[in-house]
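Report on the following structure.
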There are 2 protein chains.
Amino acid sequence: MATRTRRSDALSRERIVDAAVEVLDASGESGLTFRVLTERLATGAGAIYWHVANRDELLGAATDGVVAAALADRPSAGSPEEELRAVGLRLFDAIDDHPWLGTQLGVQMSRSPTGPTTPRLVEAFGRPIRDLGVPEPAWFTATTTVLSYVLGAAGQNAVNGRAGGGGLGRAEFLDATAAAWEALDEDGYPFVRRVARQMRGHDDQEQFLAGLDLVVGGIRAAHPPER
Amino acid sequence: MATRTRRSDALSRERIVDAAVEVLDASGESGLTFRVLTERLATGAGAIYWHVANRDELLGAATDGVVAAALADRPSAGSPEEELRAVGLRLFDAIDDHPWLGTQLGVQMSRSPTGPTTPRLVEAFGRPIRDLGVPEPAWFTATTTVLSYVLGAAGQNAVNGRAGGGGLGRAEFLDATAAAWEALDEDGYPFVRRVARQMRGHDDQEQFLAGLDLVVGGIRAAHPPER
DNA sequence: AAAAGTTTGGAACGGCGCTCCAACCGTGTC
DNA sequence: GACACGGTTGGAGCGCCGTTCCAAACTTTT
């Protein structure tokens, strides 16, 4: 085995992934460069490449690491509905803490769906859906639907997290977007102009949970619990 | 005014965006480089930069162009439910024709939500939701929920389109993924192992529509039409 | 026909991901 | 205790990227 008596400053895949997450948190996806990484780890590019195949794999490992941590030791609270909200909220909070995660989830799951992240999420959302009383033939559809919603919402809320774009706070950003929507022409965008109001001052997490409830409600409506 | 008597080989933002879409279709997002673009348009980088600010803006313009084309001249068919399916299907087909679109939609909408694509999609999905009889205060939540689902499903199905990864057909790819899921350990992934079967031989479009129906059903259940 | 303004093409720059390889380190052999 | 060996390191260097800059070319105005 490799890891017996190693130098205290030994490099490892884990140390590299941890450093990558820190850099991503601080500087976003485009900020994760090998130059920054080698400086932070006080090493060279070659050493990193001995542990990690390439940048994409590193991004995938960082994504999976954060997701795994977010879903770890769930206390499996109460009813299936509550469990679904709990899992969704864990993920939502993780994206809030790591803004790059929202976009990366979508990218990684389509770039390498064979990776560990997809089954992790399917398991986390699938179990409570099973417990909801959904008949087995509908499990796959119901689970991927919830997952699609969560990933879509994640991608849209990715920008929210910390800075809403250019140093503005979230409220100012929502206000600016609402104003832009209201400035569209009435003929082409009557609906957008009407809903623009509702964007101001809405709470992202509340919104996310309300959407999740709608989706879960649709699943329940399609598969009413037998009695 | 600029465009009066112009040379026949004149460059224009439109010609550039069209070329970008062709390159993206042929080589994916990473294949869109300025070297390829200058060769295809028989020009230099500077000429392109005079019409387009940078690569991100070009990607955004390509995305919006394809979305706008996909949603153009909708015949506004039948019931609100049918309309929602029709709009969803337009988008699904567009992603099928332009595999890069699935990922880009998520990325672009979070990178520049002020762009034209977001209101375009909100209007397209919002109108039939309004016509569904959803009360106005719930319009925003209902619309963003549908939009999140569609964008999430788009991102996941992005890989599907043409090549399922490495020259394999879609069926072989699904089969390989199902096998990988079934090889997970029973303790950690009982649900994933059970649903793996359902992944083989499923139809992506059917799946997408079934999920959309679930979401729309949830909206209808939450806001039953007054009578 | 000259001047002014618009549009073009390509050379050049800094930074990126990645490869390659000489040196280094801990371990097993005699 | 010397030695050889394979796992590990660090950094120089390569080719490509997005972007900038600017002289030349083309159009329009004077």
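So you know, we letter chains A, B, ... as the sequences are listed, proteins then strands, and number each from 1.
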Selection from [options] that lies nearest to any side-chain heavy atom of [X]:
X	options	value
A:Tyr49	C:dG9, C:dG17, D:dT19	C:dG17
B:Thr33	D:dC17, D:dG7, C:dT8	D:dC17
B:Leu11	C:dT8, D:dT20, C:dG17	C:dT8
B:Ala45	D:dA12, D:dT20, D:dT9	D:dT20
B:Thr43	D:dG7, C:dG9, D:dT19	C:dG9

A:Pro113 versus B:Phe173: any side-chain heavy-atom pair under 4.5 Å? yes

Integer-rounded Å distance: [N] [atom2] and [X] [atom1]:
X	N	atom1	atom2	result
A:Glu29	C:dC16	CD	P	13 Å
A:Arg55	D:dC17	CZ	P	16 Å
A:Ile48	D:dT8	CD1	P	16 Å
B:Asp56	D:dC17	CG	P	16 Å
A:Asn54	C:dC18	CG	P	5 Å
A:Leu37	C:dC16	CG	P	12 Å
A:Arg15	D:dT9	CZ	P	9 Å
B:Glu39	C:dG9	CD	P	14 Å

5'-most by nearest nucleotide on DNA chain C - A:Val36 or A:Ala53: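 Checking each residue's closest nucleotide, the 5'-ward one belongs to A:Val36.
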
Decide, yes or no, whether a salt bridge links B:Glu182 with B:Arg200 under the criterion of side-chain N to carboxylate O below 4.0 Å.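 Yes, B:Glu182 and B:Arg200 are salt-bridged.
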
Hey, is A:Arg127 close enough to A:Glu83 for a salt bridge, meaning N to O under 4.0 Å? no

Close aromatic pair by centroid cut-off 6.0 Å: A:Phe34 and A:Tyr49: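 Centroid distance A:Phe34-A:Tyr49: below 6.0 Å, so yes.
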
Touch class at under 4.0 angstrom, heavy-atom based, for A:Ala42 against every strand present: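 The answer is sugar-phosphate, as A:Ala42 gets under 4.0 Å only of primed atoms, P, OP1 or OP2.
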
If we count only N and O atoms by modelled type, under 3.5 Å, do the side chains of B:Thr144 and A:Gln207 hold a donor and an acceptor together?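 Judged by distance alone, the side chains do pair up.
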
Can you find a side chain N or O atom of B:Arg35 that sits less than 4.0 Å from OP1 or OP2 on D:dC17? yes

